[in-house]
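Because only heavy atoms are used, hydrogens play no part in the values below, and waters and symmetry mates are left out as well, while side chains stay in.
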Amino acid sequence: MFQLPFPVRDANATAGSGGLGNLPEWDLSDLYTSEDAPELARDLDWLQKECAAFAADYEGKLANLDADGLLECVQRNEKINNIAGRIMSFAGLRYYQLTTDADRAAFLSDCQEKVTIATTPLVFFTLELNRIEDDAMQAHLEANEELARYASVFRRIRAMKPYQLSDELEKFMHDLGIVGDAWEKLFDETIAGLTFTVDGDELNIEGTLNLLTEQDRSKREAAARELARVFGENIKTFARVHNTQAKEKEIIDRWRGMPSAQTGRHLSNDVEPEVVEALREAVVAAYPKLSHRYYELKRKWLGLDVMQVWDRNAPLPLEDSRIIGWDEAEKTVMEAYEAFDPRMGEIAAPFFSDGWIDAGVKPGKAPGAFAHPTVTNVHPYVMLNYLGKPRDVMTLAHELGHGVHQVLAAEQGEMLSSTPLTLAETASVFGEMLTFRKMLDKAETKEQRKVLLAGKVEDMINTVVRQIAFYDFECKLHAARTEGELTPDDINAIWMSVQAESLGEAFEYMDGYETFWAYIPHFVHSPFYVYAYAFGDGLVNALYSVYASGAEGFEDKYFEMLKAGGSKHHKELLAPFGLDATDPKFWDKGLSMISGFIDELEAMED
């Protein structure tokens, strides 16, 4: 199954209107000029014929190939992935620009169906690869240097060997994916189609979530209560999506013999379960010194006896509420990137000049933000919902970091460029940190520095604490679903259990907040995705501490790491920096950086 891009940023969203300048829109013609383009018809036709030819040439024969023959087979498979990926990228990106458009939705579904049917004959490829004996595979890699480049791909494919079904069942699962995607589309279309009325204004979800960052507390409260009202009216639909998705996953995992609901995600992330558990335990243990401590500070700043959920992302009373225009946002991020290394600025520049960013908030557009790599012989595309808040500038820095990473990794080719989620956040979070440090250096007053530090701490809490709470929510939800159907109230209760633990005693929770799990896209599109954010943030904080220490040759090592894409394991990638994520103490480095920022904020109170 070729997956669509999807909004991956946990945007506590941002939104705006006028005064932003000329916001860029995508030019998708580098993929195809239109849905009727002859090149698209040609590629669909080629895909169908080449997949059939590939199966005819190789099915039942992989074990008998020599090293050169296996290399040719892999390269043909890579070309198929490229063409299929190009088609689905075009269809998916058009859809996310306007998810409420029936023609775009139909076009996406048609492309998904055609690509799935065309590629069904390829299911044998990974199954037969896994039947090649270890000694024979090792001999092939030693016999052909070019084939040896794919060693990490083979290792990750072969990690699925214990969970492989019969060839017939794997083909069935592949075909069934078309139907499974319907629940994701239902979620996307339901979210995009929701309307919220706040103070007489009709808004989409992005615009409404944005009001939670308004200076006016009554507006924040009105937005929160309206979100709760609309989520409540649609909660049965969201509960149905989650029940079905979780049950489908449980059935597939059971048939595959997966030891846990999280196993598949850990395998795709190329990360050991014990490393993820060490991360989770470190973050949960740090809740008191991170989120609990920070929100107690914020409660005092806001002059409140107790905080409500609509105060979580409130600006500080002394915060400048001015809108940051697009040109200023571009300049801020580009200066930060170029100051780190001019090469980074050169890679980032075309995103702004060549139609690789779609920035504006528009009716029907998917919420959140993402960077989609498309295919290695085109370029990535970045989607934002830019509304001129400081967090929007950080989101731009984040997604542009993904884009730079994807451009650099593209030279690895289709099968090696894709980075596991745990490492995919490296360049994005690093780009955010560069931008933050640049803005902090420019702070002219104690108040400006305080606002910037507080904003960064909130972003880090949202990236680390909030995402681990999300991960715990998913773990509990999937475990509960194995016992039977979950009512909306059941899911609400699970949500509230992790929220209270992670946010601390500074908060009270309004009626209706228990439904706020409903709008998070990761839970539907990519179960257990969310811990990758915390993994990436912890990794980058440790990485940045090496950079800040003036380590010689850091920039060159950093670019080599990004260029590696998915060709190396996290242990191999971090070794040149003297870091090791399998060391339980590793996570304390990243968490200590957040704690240090809170220390500085507390010191400002004296």
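F554 and L543 get closest at one heavy-atom pair: CE1-O, 3.6 Å. The two residues P420 and G566 come nearest to each other via the heavy atoms CD-CA, 4.2 Å. Closest heavy-atom contact between S260 and D253: O-OD2, 4.1 Å. Y96 approaches M383 most closely through the heavy-atom pair O-SD, 4.3 Å. Pairing each heavy atom of T376 with each of S417, the nearest pair is CG2-OG, 3.4 Å. The two residues T374 and E414 make their nearest non-hydrogen contact at O-OE2, 4.3 Å.
Between the side chains of E78 and Y150, a donor-acceptor pair is found at a separation under 3.5 Å. Looking only at atom types and distance, the side chain of N269 has a donor-acceptor partner in the side chain of Y531 under 3.5 Å away. In the model, H174 has a side-chain atom that pairs as donor or acceptor with a side-chain atom of T119 under 3.5 Å. Side-chain contact annotation: K247 with T482, donor-acceptor N/O pair under 3.5 Å absent. Side chains of H379 and D30: a donor-acceptor N/O pair is present below 3.5 angstrom, by distance only. S109 and Q112 share no side-chain donor-acceptor pair at under 3.5 Å. Side-chain contact of H569 with E272: a donor-acceptor pair under 3.5 Å is present, judged by distance alone. No side-chain N or O of S34 forms a donor-acceptor pair with one of D36 less than 3.5 Å apart.
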Self-check item: E281/W587 under side chain to side chain contact (heavy atoms under 4.5 Å, CB included): CA gap, chis, key distance, verdict
Solution: CA-CA 10 Å; E281 288 179 0; W587 301 111; over 6 Å; no
Practice problem: Test ring pair (Phe, Tyr, Trp, His ring centres under 6.0 Å) on F577 and Y558 and set out the steps. | Solution: CA-CA 9 Å; F577 303 97; Y558 179 76; 7.5 Å; no
Exercise. Evaluate the criterion side chain to side chain contact (heavy atoms under 4.5 Å, CB included) for residue pair E146 and Q75; output intermediate values, then yes/no.
Key: CA-CA 10 Å; E146 183 65 14; Q75 289 173 335; 4.2 Å; yes
Quiz item: Can you list the steps and then say if R256 with E170 is a salt bridge (Lys or Arg N to Asp or Glu O under 4.0 Å)?
Solution: CA-CA 10 Å; R256 291 193 181 283; E170 290 289 355; 2.6 Å; yes
Self-check item: side chain to side chain contact (heavy atoms under 4.5 Å, CB included) assessment of E250 paired with H478
Solution: CA-CA 8 Å; E250 185 272 325; H478 283 263; over 6 Å; no
Practice problem: Please report the C-alpha distance between F351 and V382 in whole Å, then the side-chain angles of each, then the deciding distance to 0.1 Å, and finally whether the side chain to side chain contact (heavy atoms under 4.5 Å, CB included) criterion is met. | Solution: CA-CA 8 Å; F351 283 85; V382 164; 4.0 Å; yes
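Counting only heavy atoms from C-beta outward, the side chains of F586 and L579 approach each other to under 4.5 Å. Put simply, the side chain of F470 does not reach to within 4.5 Å of the side chain of V498, judged on heavy atoms. Side-chain contact between L384 and D358 is absent, with no heavy atoms from C-beta onward closer than 4.5 Å. Residues P380 and V407 meet the side-chain proximity criterion, which asks for heavy atoms closer than 4.5 Å. Within the 4.5 Å cutoff, side-chain heavy atoms of L147 are placed close to those of H140. Using a 4.5 Å heavy-atom threshold, the side chains of M137 and E133 count as separate. Side-chain contact between R155 and R158: absent, with no pair of heavy atoms (C-beta onward) separated by less than 4.5 Å. Using a 4.5 Å cut-off on side-chain heavy atoms (C-beta onward), V284 and D472 make contact.
Side chain of Q406 to backbone of A371: a donor-acceptor contact under 3.5 angstrom is found. Under a 3.5 Å cut-off, the side chain of R156 and the backbone N or O of A151 do not form any donor-acceptor pair. K61 places a side-chain N or O within donor-acceptor distance of the main-chain N or O of A56, the cut-off being under 3.5 Å. Listed for the S428 side chain is a donor-acceptor partner under 3.5 Å among the backbone atoms of E425. H525 contributes no side-chain N or O that, together with a main-chain N or O of D188, makes up a donor-acceptor pair within less than 3.5 Å. T419 places no side-chain N or O within donor-acceptor distance of the main-chain N or O of A424, the cut-off being under 3.5 Å. Here the side chain of S526 pairs no donor or acceptor atom with the backbone of H522 at under 3.5 angstrom. Put simply, the side chain of Y381 gets close to the backbone of D27: a donor and an acceptor are under 3.5 Å apart. Checking side-chain atoms of R94 against main-chain N and O of L108 turns up no donor-acceptor pair under 3.5 Å. The main-chain N or O of G431 is found under 3.5 Å from a side-chain atom of T435 such that the two form a donor-acceptor pair.
Here Y547 and Y544 bring their ring centres to under 6.0 angstrom of each other.
Ring geometry for F430 against F340 counts as perpendicular: the plane angle is over 60°, on a 0 to 90° scale with 30° as the lower cut. Ring planes of F370 and H372: perpendicular class, angle over 60° (limits at 30 and 60°). Using bins of under 30°, 30° to 60° and over 60° for the plane-to-plane angle, the ring pair F54/F125 lands in the perpendicular bin.
Separation of atoms CG (N541) and CG (L591) is listed at 8.0 Å; rounding is to 0.5 Å. Atom CE of M561 and atom CZ of F559 lie 10.5 Å apart (nearest 0.5 Å). Expressed to the nearest 0.5 Å, how far CD of Q467 lies from CZ of F535 amounts to 15.0 Å. Here the NZ-OG1 distance, from K161 to T126, works out to 12.5 Å after rounding to the nearest 0.5 Å. In this structure, NZ in K171 is found 10.0 Å from OG in S166, a value given to the nearest 0.5 Å. Between M460 atom CE and T463 atom OG1 the span is 8.0 Å, to the nearest 0.5 Å.
Of the charged side-chain nitrogens involved, at least one lies within less than 4.0 Å of a carboxylate oxygen, so that E50 and R76 count as a salt-bridged pair. Taking the charged nitrogens against the carboxylate oxygens, R343 and D341 do have a contact shorter than 4.0 Å, which makes a salt bridge. In summary, E277 and R280 engage in a salt bridge, as defined by a charged side-chain N under 4.0 Å from a carboxylate O.
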Give the table of side-chain donor-acceptor pairs shorter than 3.5 Å for residues 40-48, with sequence neighbours excluded, one pair per line with atom names and distance.
{"unit_1": "D43", "atom_1": "OD2", "unit_2": "Y32", "atom_2": "OH", "d": "2.6"}
{"unit_1": "D45", "atom_1": "OD2", "unit_2": "K49", "atom_2": "NZ", "d": "3.1"}

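Among residues two or more places apart in sequence or in another chain, the side-chain contact (heavy atoms from CB on, under 4.5 Å) test is passed with E411 by K563.
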